[in-house]
There are 2 protein chains.
Amino acid sequence: MPQNNAAKKITLEVVKTACSNCNLRELCMPLGLSRQEIERLDEMVSSRRRLRRGEHLYRAGEHFDAIYAIRSGFFKTDVLIEDGRDQVTGFQMTGELLGLDGISTEAHSCNAVALEDSEVCVIPFSHLEGLSREIRTLQHHFHKVMSREIVRDHGVMMLLGTMRAEERLAAFLLNLSQRFTARGYSPAEFYLRMTRDEIGSYLGLKLETVSRAFSRFQEEGLIAVQQKYVRILDTDGLKKLMSHQRG
Amino acid sequence: MPQNNAAKKITLEVVKTACSNCNLRELCMPLGLSRQEIERLDEMVSSRRRLRRGEHLYRAGEHFDAIYAIRSGFFKTDVLIEDGRDQVTGFQMTGELLGLDGISTEAHSCNAVALEDSEVCVIPFSHLEGLSREIRTLQHHFHKVMSREIVRDHGVMMLLGTMRAEERLAAFLLNLSQRFTARGYSPAEFYLRMTRDEIGSYLGLKLETVSRAFSRFQEEGLIAVQQKYVRILDTDGLKKLMSHQRG
DNA sequence: CGAGCAGGTTGACGTGGATCAAACGGCCTC
DNA sequence: GAGGCCGTTTGATCCACGTCAACCTGCTCG
């Protein structure tokens, strides 16, 4: 660590990175911590890191030693295999964690790329483990976060394994909408940070298919699209479409 | 807990369930624990549970309070959604853990069904968390296990999102082979515990497609199949097939 | 301001796998 | 040993999505 605890208390750097001052606390941290415990979290976050659009936060194969909490911005993670195929495995937004995949082998298993200018908190994993041995609620919270990731992935497997193109896109839009809502943004309108190609990769579809599905939704009055700007006009319609058995 | 620690030391039940006597230790537990620490693991496992083929270990929606280590047998997990669709999210064998998905909401998010007569160790989650606050290596091992699950799921997403039918089946067979090998069984021949339908569900294919792919592999001399009995004749052939760009 | 370009849309066509259907094989019960 | 059932195989047909290709739109940069 570049600085000890005493120094921390006075540097501006620390004030900026302190969890105790962070308005995202309720998103990435457990509720019900004592004031004291929350202050201890400040020890955990070693620094922040800013990334410009297109920059990698980490790359597959790199040594793992920290997880990242997104303070602002938007990311994608993707996996690349030898034969050239790749797939986007997820999109992450403010308040979500990145890097959990690296714990298992101590090397990152995917790439994380900023889709817009972003800022993350760097949480050295050994700090997190140390502190979660002392703070029960933190430990439990972290386990829940990892477990949620597993459940989320099962949802994606479900989507990829059983849904048809339009169902997948509807599910995708509803999921984004819900996550934006949880962050205090409008549930009904947002900018997509990713390209049609990236959406397609995530949903197991080609970009043309994604584009056609967008057009179709528009024709049917479910949404209004203008390139990356999306307005959801009929949430229930999307839900119905999503859960409707094959056509 | 039905029995306290003192009682544990003498009952036969405990001798049978003790981690310290378990020959699966190296599969489900971290290496490098002291004798003392290993004995403490015995406190963690509260009991065993036997299941007959077809029985549920847990069901989606049930309250979560323990994870399970498979001592012997074979399981599948599946998710069911309202509209009637379902998907197998995984197959688990000896030495693997079940139930990690339940941590996030304290309710299981999928069903776990024994595909043959099986036995599991019941590990109450609060015991595991308690002990991992005290034993660093246990904590770290558990985090690795959860992370590995995430990485595995990303692999499945990759499979579902980018591979064609025969590539998926090849990947599936190679994965099984590798896991059997790790358990000391033959890498080249094994009994499938699941039906074609279950394989299809897991791979995002219909059973007819799975069946045809099996036949095709047989014609090409890659494998020999007789219903559930599979012999792999050409591992490299399967690997090549798996990683070959759209044939 | 115009050129160049990346991302997006739309159309025409091809195909891998789904669907529908029939028949088969092993296994269990009576 | 006959009958029934479940899982599997195989064939014929269909269709959702991929592929290929043309064109369009908004941005960036000289």
Side-chain angles (χ1 to χ4, degrees), chain A residues 52-54 76 84-88 113 115-116 159-172 191-220 223-230 241-242 244-247, chain B residues 52-54 76 84-88 113 115-116 159-172 191-220 223-230 241-242 244-247:
Chain A
R52 306 195 58 84
R53 179 156 183 270
K76 71 166 177 182
R85 279 184 282 207
D86 66 343
Q87 182 167 30
V88 172
V113 185
L115 295 183
E116 63 182 17
L159 179 146
L160 292 171
T162 73
M163 292 189 184
R164 39 190 56 222
E166 294 189 3
E167 294 171 338
R168 294 184 200 190
L169 188 63
F172 175 70
Y191 279 94
L192 299 172
R193 307 301 179 177
M194 67 297 278
T195 66
R196 301 287 188 266
D197 194 32
E198 286 163 335
I199 297 172
S201 172
Y202 180 61
L203 298 178
L205 302 169
K206 292 289 147 183
L207 70 297
E208 293 95 328
T209 307
V210 174
S211 180
R212 276 185 247 270
F214 269 122
S215 303
R216 196 113 199 293
F217 286 0
Q218 177 138 266
E219 280 166 33
E220 289 170 2
I223 63 172
V225 219
Q226 281 174 54
Q227 353 189 146
K228 309 229 154 168
Y229 176 64
V230 174
L241 193 156
M242 188 187 85
H244 240 37
Q245 288 273 52
R246 14 226 72 207
Chain B
R52 306 195 58 83
R53 177 159 185 270
K76 70 166 178 183
R85 279 184 282 208
D86 67 342
Q87 182 167 30
V88 172
V113 186
L115 294 183
E116 62 180 18
L159 180 146
L160 292 171
T162 73
M163 292 188 182
R164 38 193 54 225
E166 293 188 6
E167 293 171 339
R168 295 184 198 189
L169 188 64
F172 175 70
Y191 278 94
L192 298 172
R193 307 301 179 178
M194 68 297 277
T195 66
R196 301 287 188 264
D197 194 33
E198 286 163 336
I199 297 173
S201 171
Y202 179 61
L203 298 178
L205 302 169
K206 293 288 145 182
L207 71 296
E208 293 96 327
T209 306
V210 173
S211 178
R212 276 185 247 269
F214 269 121
S215 303
R216 196 112 200 292
F217 286 180
Q218 177 139 267
E219 279 166 33
E220 289 170 2
I223 63 173
V225 220
Q226 281 175 57
Q227 0 192 138
K228 309 230 156 168
Y229 176 64
V230 174
L241 194 155
M242 188 187 84
H244 240 37
Q245 288 273 50
R246 14 225 72 207

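Only heavy atoms go into these numbers, but all of them, side chains included; no hydrogens, no water, no symmetry mates.
As rounded to whole Å, 16 Å separates atom P of dG7(C) from atom CZ of Arg193(A). Distance CZ (Phe214(B)) to P (dG7(D)): 16 Å, rounded to an integer number of Å. Atom CG in Leu115(B) sits roughly 12 Å away from atom P in dG7(D) (whole-Å rounding). One atom, CD of Glu167(A), and another, P of dA16(D), lie 12 Å apart when rounded to the nearest Å. As rounded to whole Å, 16 Å separates atom C1' of dC24(D) from atom CD of Gln226(A). Between Lys206(B) atom NZ and dC14(D) atom C1' the separation is 15 Å, expressed in whole Å. In this structure, CZ of Arg53(A) is placed 11 Å from C1' of dA6(C), rounded to the nearest angstrom. The interatomic distance linking Gln218(B) (CD) with dT8(D) (C1') rounds to 13 Å, in whole Å.
Between Leu207(B) and Arg168(A), the residue anchored nearer the 5' end of DNA chain D, judged by the nucleotide with its closest heavy atom, is Leu207(B).
Residue Tyr229(B) places its OH atom among more than 12 non-hydrogen atoms of other residues, nucleotides or ligands, all under 6.0 Å distant.
Checked against Phe214(B) for a side chain to side chain contact (heavy atoms under 4.5 Å, CB included), the options Glu219(B), Gln227(B), Arg196(B) give a single hit: Arg196(B).
Near DNA chain C, defined here as any heavy-atom distance below 4.0 Å, the residues from residues 196-205 of chain B are Gly204(B), Leu205(B), listed numerically.
Atom NZ in Lys206(B) sits 8.5 Å away from atom OG in Ser201(B) (nearest 0.5 Å). Atom CD of Glu208(A) is separated from atom CG of Asp197(A) by 8.5 Å, given to the nearest 0.5 angstrom. Of the inter-residue distances, the one linking Leu203(B) atom CG with Gln87(B) atom CD reads 9.0 Å to the nearest 0.5 angstrom.
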Ile199(B) vs Leu169(B), side-chain contact (heavy atoms from CB on, under 4.5 Å): CA-CA, chis, key distance, verdict: CA-CA 9 Å; Ile199(B) 297 173; Leu169(B) 188 64; 4.1 Å; yes
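The shortest distance between side-chain heavy atoms of Leu160(B) and Arg168(B) falls below 4.5 Å. Between Phe172(B) and Val210(B), every side-chain heavy-atom pair lies at or beyond the 4.5 Å cut-off. For the pair Thr195(B)/Leu207(B), no side-chain contact is recorded, criterion being any heavy-atom separation below 4.5 Å from C-beta on. Counting heavy atoms from C-beta outward, Lys76(A) and Met194(A) have side chains that stay 4.5 Å or more apart.
Annotation for Arg193(B) and Lys228(B): closest pair O-NZ, 4.4 Å, computed over non-hydrogen atoms. The heavy-atom pair separating Glu166(A) from Ala213(A) by the smallest distance is CG-CB, 4.3 Å.
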Polar atom pairs between nucleotides 20-28 of chain C and protein, under 3.5 Å, N or O only, would you list them?
from: dC20(C); atom 1: N4; to: Glu208(B); atom 2: OE2; distance (Å): 3.3

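One end of the helix from dC1(C)-dG30(D) to dC30(C)-dG1(D) points its axis 40° away from the other end's axis, with each axis taken from 5 pairs and the angle rounded to 10°.
Out of dT9(C), dA16(D), dT19(D), the shortest distance to the side chain of Ser211(A) is found at dT9(C).
At dT10(D), one or more side-chain N or O atoms of Ser215(B) fall inside 4.0 Å of OP1 or OP2 (strictly under the cut-off). Neither OP1 nor OP2 of dA6(C) sits under 4.0 Å from any side-chain N or O of Thr195(A).
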